[in-house]
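In listed order, ligands and their atoms are each counted from 1.
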Amino acid sequence: MADTNHLDKILQPEDVKKLGLEELDSLATEIREEIIEVVSRNGGHLGSNLGVVDLTLALYKIFDIRRDNVIWDGSYQTYAHKLLTGRRERFHTLRKFGGVCGFGWKPESEFDPFNFGHVGTGLATAYGCTVANQKLKTDRRTVCIIGDGSMTSGVAYEALNNIGHTKLPMTVILNDNGFSISKTVGALSSYFQQLRTAPFYDEAKKEIHKFLQNFPGGKSVESMLEGMRRGLKQSLFPNMFTALGFQYYGPIDGHDIAKLTKVLENVRNQDKPVLLHVVTQKGKGHPDADTDPYGLHKHTGPTLPVEAKLEPEGKERPIASKSYTRAFVDALTDLSEEDPKIVAITAAMPDGTGLVEYAEKFPDRVYDVGISEQCAVAFAAGLAHSGLRPVCAIYSSFSQRAYDIVFQEMCLNNLPVTLVLDRAGIAGEDGPTHHGNFDISALRTFPNMTLMAPKDEKDLREMLKLATRAEGPVAIRLPREKTPILTDIPQNPVVIGKGEILREGKDGAILGYGVTVARALEAADMLAKEGVHVTVANARFAKPLDASLASKLTQSHPWVLTVEDHASQGGFGSAVLEELALRNEDTRKIHIHAIPDRFLQHADREELVHYLHLDGEGIADVCRMILAGEPAPVPNPEQRKHFFYEG
Ligand SMILES: Cc1ncc(C[n+]2csc(CCOP(=O)(O)OP(=O)(O)O)c2C)c(N)n1
């Protein structure tokens, strides 16, 4: 433990300025201890946050955090910032329902300028702030901190291109730890490695001094060089950044607060774009930092047995088995044994999408393209065009970045690319930027697209097989959940565009899509105990929708409840309504049960599912309200503010 308590005295960010360099070093230790303590309980981005503590302190020592635009592209690494900006008392609630958000979050603090969670866009946004500051003639400075992994995003280069061209004053800090979540990939990463491993400036200076001493006139050359560097750690050699119009300084030790503050002080008043190449260690201060930076990226918190989470006491729940992600990788592995043309693609998420395991078996059949979702999908289209069967595993919310590529390369060209959308639906503690609530509405607008969602592992296996043999584009959505083991239901094979009826009742019908089907079955069990018998159907496809099944349910039941783990606007229920309206069916019988048209806050997935009445109990409640002719249940106003971001 640190034997000081500087952190207690930081009541506002300006208090950092009052501390001397030694005190800042102690404060850094205290902040690290606090982060490790809270993250080990609540989970979170551990390694990245530990890596930027010293940089954060140096920044806040030099910049006016209240006035200047200090923009963290990777806002998941702002825990130190949160501790310094009035959120220390609540920091223990990190990532908990109603607690401190794990990302930059505007409603939480005046010091969080943006709601960011998808990386790579910070530079362009900061550029916008710089241009506005110039137009509005303010003296605000703009700094944007971006990681080397995030620098693999195309949008970051679009921004550099513009910033370098306009020559406006702005500081870009490249926070280079050599890691994205896993090791940063690609040619750029090797390039950063070369820049990074150049000796730190002070050592270089000593070498040059030694060298020039032996030459006549060496002294004046040395002082000329010194003048050129204007007392800063400017690179002696041109590089990619200088070619783009930036003044490049680096590499700089990102844990040396004294050096960092000195450089930042000089840079703050520069009148041109500056790129500061800061080298940090992921997980700095943690005992595993040297051995396992990859494992430190994200800590999951104390591990609860998943069964305990899925089967709360007293409730009958399907027995949990493996996660959908695991089931996907198992199925992909089996299919790949049979079909050598299958290859897998990830955009810097090999672990989250399960492709790490796949790569162990098929190292030559996995492509990690970095944090470049657009590239991932366009690349997949090229592979498909040239005869391979690409499966692009991507988080639902990150796939939004590839929207236009899905439209053009995949759908307009009708290429057999399979998108496997992991974390589709409520993502949990990562919150609003990571919930995958919009993929059905986004993707079902495109001709040629087939959209599927499995109710269990069996569906998933069959769907993936159909997808990898399909003639055109397919997207399969997977929830962040365990696959249920469903007993006593028919085992109908998956057929494109066909749903299935799993149990029959006359009092109403529930038409589920994907993960909600098991929950609808639970609701039906609960209602049956009360003498209410409902039909449960598994839609399997949002596109092409099984309109005959939807018609049949509507004609033979007093009401039909569609249930989906997706936003209500334009989702699965909307698709059912549209189809039935086109068939002149009685659409008044349709009730859509989905995530309301709001941004959803962060909390444990099960907690959110419960509060949104999307668990078995909640679905049964909605059915009871329909039967009683009452409006569907809504969260109370106090809960509402914790559930929804109202802007
Ligand atoms: C568009 C997008 N794709 C993927 C992610 C998932 N993601 C979060 S952090 C991260 C790695 C970022 O690496 P880097 O910028 O080097 O920062 P570090 O955490 O290493 O400091 C990734 C891939 C994301 N947040 N946004």
Colleague: Which ligand 1 atoms are under 4.0 Å away from a heavy-atom of Arg401?
Modeller: 1 (C)
Colleague: Check ligand 1 against Ala348 and write out every atom of the ligand that is under 4.0 Å from a heavy-atom position of the residue.
Modeller: 23 (C)
Colleague: Which one holds for Val119 and ligand 1: side chain close, backbone close, both close, or neither close, with close meaning a heavy atom under 4.0 Å?
Modeller: both
Colleague: Taking 4.0 angstrom as the limit and counting only heavy atoms of Gly149, give me the atoms of ligand 1 inside it, by number and element.
Modeller: 13 (O), 14 (P), 15 (O), 16 (O)
Colleague: Assign the ring pair Phe362 / Tyr358 to parallel, tilted or perpendicular, where the plane angle (0 to 90°) is split at 30° and 60°.
Modeller: tilted
Colleague: For Gly51, state whether at least one heavy atom is located under 4.0 Å from any atom of ligand 1.
Modeller: no
Colleague: Does an N or O from His434, backbone or side chain, lie closer than 3.5 Å to an N or O of ligand 1?
Modeller: no
Colleague: Just distances here: any N/O of His118 and N/O of ligand 1 closer than 3.5 Å?
Modeller: no
Colleague: For Ala156, is there any backbone N or O sitting under 3.5 Å from a side-chain donor or acceptor partner on Ser153?
Modeller: no
Colleague: Can you sort out which atoms of ligand 1 are near Gln77, meaning under 4.0 Å from one of its heavy atoms?
Modeller: 17 (O), 18 (P), 19 (O), 21 (O)
Colleague: Does the separation of the ring centres of Tyr79 and Phe91 fall below 6.0 angstrom?
Modeller: yes
Colleague: Backbone N or O of Ala427 within a donor-acceptor pair of the Arg480 side chain at under 3.5 Å?
Modeller: yes
Colleague: Which atoms of ligand 1 have any heavy atom of Ser150 under 4.0 Å away?
Modeller: 12 (C), 14 (P), 15 (O)
Colleague: Under 4.0 Å from any heavy atom of Glu373, which atoms of ligand 1 are there?
Modeller: 1 (C), 2 (C), 3 (N), 4 (C)
Colleague: Is it the case that atom NE2 in His92 sees more than 12 heavy atoms from other parts of the structure closer than 6.0 Å?
Modeller: yes
Colleague: Please verify the inter-ring angle class for Phe103 with His45; under 30° counts as parallel, over 60° as perpendicular, anything in between as tilted.
Modeller: perpendicular
Colleague: Check each heavy atom of Met151 against ligand 1 and say whether those closer than 4.0 Å belong to the side chain, the backbone, both or neither.
Modeller: neither
Colleague: Indicate yes or no: does an N/O atom of Gly117 lie under 3.5 Å from an N/O atom of ligand 1?
Modeller: yes
Colleague: Please determine if Phe179 has a nitrogen or oxygen closer than 3.5 Å to a nitrogen or oxygen of ligand 1.
Modeller: yes
Colleague: Please determine whether any non-hydrogen atom of Tyr395 lies less than 4.0 Å from an atom of ligand 1.
Modeller: no
Colleague: Could you tell me whether Phe599 atom CZ has more than 12 heavy atoms of other residues or ligands within 6.0 Å of it?
Modeller: no
Colleague: May I ask you to check whether Phe114 and Trp72 place their ring centres under 6.0 Å from each other?
Modeller: no
Colleague: Provide the number and element of each atom of ligand 1 under 4.0 Å from a heavy atom of Met349.
Modeller: 6 (C), 23 (C)
Colleague: My understanding is that only one of His435, Glu481, Glu429 makes a side-chain hydrogen bond (donor to acceptor under 3.5 Å, both in side chains) with Arg605; could you say which?
Modeller: Glu481
Colleague: Under a 4.0 angstrom heavy-atom cut-off, which atoms of ligand 1 come close to Asn177?
Modeller: 18 (P), 20 (O), 21 (O)
Colleague: Could you give the distance from NE2 (His81) to CD1 (Ile31), rounded to the nearest 0.5 Å?
Modeller: 12.0 Å
Colleague: With backbone taken as N, CA, C and O and side chain as the heavy atoms from C-beta onward, which portion of Lys282 lies under 4.0 Å from ligand 1: side chain, backbone, both, or neither?
Modeller: side chain
Colleague: What about the rings of Tyr249 and Phe241, do their centers lie closer together than 6.0 Å?
Modeller: no
